[in-house]
Amino acid sequence: MAALAGDLSTLARDVLLQTLWFVAAGSGGYGPTAEGTGLGEGCRHHVQEGFWRLVQIGFTGTAEDAETVADICESFGLGGDEAVFYQAELRERVREDQARATRLMLRTSG
């Protein structure tokens, strides 16, 4: 989570968000740690702590960042009703970006 606050390239931020989503969702089959929780549960705790930072990245980063952050929020049910609201806003941002790209493509091809 700390790395997300730094100055990262778009590609590095996307890869980091995708990796965070993959690991925190419990992918990888890692067993329980000495504390008795799996790697996914430990990551989930840190993601919950960094919920607002993730939302900020979703709104200020690329459309791909927004989609990944919405997926992370959905996977963990972060923030209760707030998470539902922000998921909807982030997904709307992705739809608007896709619509804008489609309009631009149609204008340049016609």
What pairs with Q98 under side chain to side chain donor-acceptor pair (under 3.5 Å), at least two apart in sequence or on another chain? none

List, by chain and then residue number, the residues other than V15 in its hydrophobic cluster (Ile/Leu/Val/Met/Phe/Trp/Tyr, side-chain heavy atoms under 4.5 Å); write none if there are no others. L11

Closest heavy-atom contact between A66 and G58? CB-O, 3.2 Å

Sidechain N-carboxylate O distance under 4.0 Å for D65, R93: no

I57 side, atom CD1; L90 side, atom CG - distance, nearest 0.5 Å: 11.0 Å

Would D71 and R91 satisfy side-chain contact (heavy atoms from CB on, under 4.5 Å), going step by step from the backbone distance to the final call? CA-CA 9 Å; D71 290 342; R91 296 209 191 279; 2.9 Å; yes

Only counting residues at least two apart or in another chain, list the ones meeting salt bridge (charged side-chain N to carboxylate O under 4.0 Å, His left out) with R95. E92

Listed partners of E96 passing side chain to side chain donor-acceptor pair (under 3.5 Å), at least two apart: none

Contacts of type side chain to side chain contact (heavy atoms under 4.5 Å, CB included), residue A88, not counting sequence neighbours: none

